[in-house]
Amino acid sequence: MNPVVLVHGGGASSISQDRKERVRQGISKAATGGYKVVKEGGSAVDAVEEAVTILENDPEFNAGCGSVLNTEGEVEMDASIMDGKDLSTGAVSAVRNIANPVKLARLVMEKTPHCFLTGEGAGRFAAEMGVPEVAMEELITERSKKQLEKEKHGNGAQRSDYPKNLAGTVGAVALDSKGNVAYATSTGGIVNKMVGRVGDSPCVGSGGYADNNIGAISTTGHGESILKVNLARLTLFHMEQGKTVEEAADLSLGYMKSKIKGLGGLILISKTGDWAAKWTSTSMPWAAAKDNKLHVGLDVGDTTITDLP
Ligand SMILES: COC(=O)C[C@H](N)C(=O)O
């Protein structure tokens with residue numbers, strides 16, 4: 001099986017010109033890093049963890065360092081991961097003071113009898129596992145402070161194209177050489193969210209899904225809408241019914257838009273390595289690595305293809 005890795009950097013309104021290059025570099029680095037793992041014989045789970053860790057560590061994205069702030073100016077993060085081989089899954093929500101929620105989600109998957117830990121319990125588990133604690137200030141950027149300010153003072157309110165408080169959630173899907181698929185999604189959520197608000201990203205079936213019999217998907221966009229339609233599982237359901245990756249993505253995103261005016265995006269891979277990156281938001285940075293080629297796009301019609309070393 002030819003390995004494939006796709007990443008996204010969140011469905012959002014348009015990306016400002018000065019950020020475009022940094023975002024492009026960030027998603028390229030993440031896709032390349034994840035692809036290296038599967039090319040060298042690593043598992044799909046290892047690849048999605050690696051790709052999402054790279055994006056969590058990049059302050060341009062709303063996950064890990066760079067997460068958006070809640071009403072109190074704090075960072076609370078959500079993440080999930082899933083192994084398509086046996087449907088094992090791990091998730092954390094409303095976690096604070098750690099650099100890489102995706103790694104904690106993986107520990108939940110592998111070291112507990114549970115699928116999902118939240119808030120204080122997730123924090124205690126992190127400490128038990130020896131996950132280093134980081135000061136919240138280390139996760140907060142000037143940009144995230146400005147985003148909260150703007151949101152609180154309503155400056156973004158004129159945007160009619162997209163719920164204004166969405167930004168750069170990250171995710172990855174992978175197919176490894178043994179035919180296993182996996183996904184991971186990680187986010188700081190939405191700007192100015194209530195304390196304790198949990199979105200779609202840590203909820204298996206909404207923020208992502210992976211099943212070797214079908215494929216893998218990671219989603220992004222308006223969390224409350226994604227939760228309502230179970231966007232990830234809905235998309236894979238369409239594939240089970242015989243739709244192509246493109247058709248399945250269009251059907252589920254189209255349903256979310258027409259039914260509840262919800263906008264978002266997704267990256268999707270089939271068990272045979274077909275892939276698609278689709279969104280109804282204004283933009284969604286994405287990258288795909290397959291057959292030693294890297295495909296990268298930020299907006300519709302701006303895909304570039306380069307050779308990987
Ligand atoms: C682009 O923004 C997002 O994807 C936000 C994320 N889905 C949430 O609602 O938590």
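Just so you know, ligand 1 is whichever comes first in the structure, and atom 1 is the first atom listed for that ligand.
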Ser80 and Thr185: side chain donor to acceptor below 3.5 Å: no

Distance filter under 4.0 Å to Gly189 heavy atoms, resulting ligand 1 atoms: 5 (C), 10 (O)

Proximity winner for atom 6 (C) of ligand 1, if only heavy atoms of Gly221, Gly199, Gly264 are counted: Gly221

Distance filter under 4.0 Å to Asp200 heavy atoms, resulting ligand 1 atoms: 6 (C), 7 (N), 8 (C), 9 (O), 10 (O)

N or O pair under 3.5 Å between Arg197 and ligand 1: yes

Salt bridge Glu224-Lys228, side-chain N to carboxylate O under 4.0 Å: no

Pairing of Lys145 and Glu149 as salt bridge, 4.0 angstrom limit: no

Partners passing side chain to side chain contact (heavy atoms under 4.5 Å, CB included) against Asp211 (at least two apart in sequence or in another chain): Leu87, Tyr209, Asn213, Ile214

Polar atom proximity, Asp78 to ligand 1 (N or O, under 3.5 Å): no

Thr187-ligand 1 polar pair, N/O distance under 3.5 Å: no

Contacting atoms of ligand 1, where contact means under 4.0 angstrom from a heavy atom of Ile190: 9 (O)

Heavy-atom side-chain proximity of Cys65 to Thr141 below 4.5 angstrom: yes

Flag for Asp83-Asn180: side-chain donor and acceptor within less than 3.5 Å: no

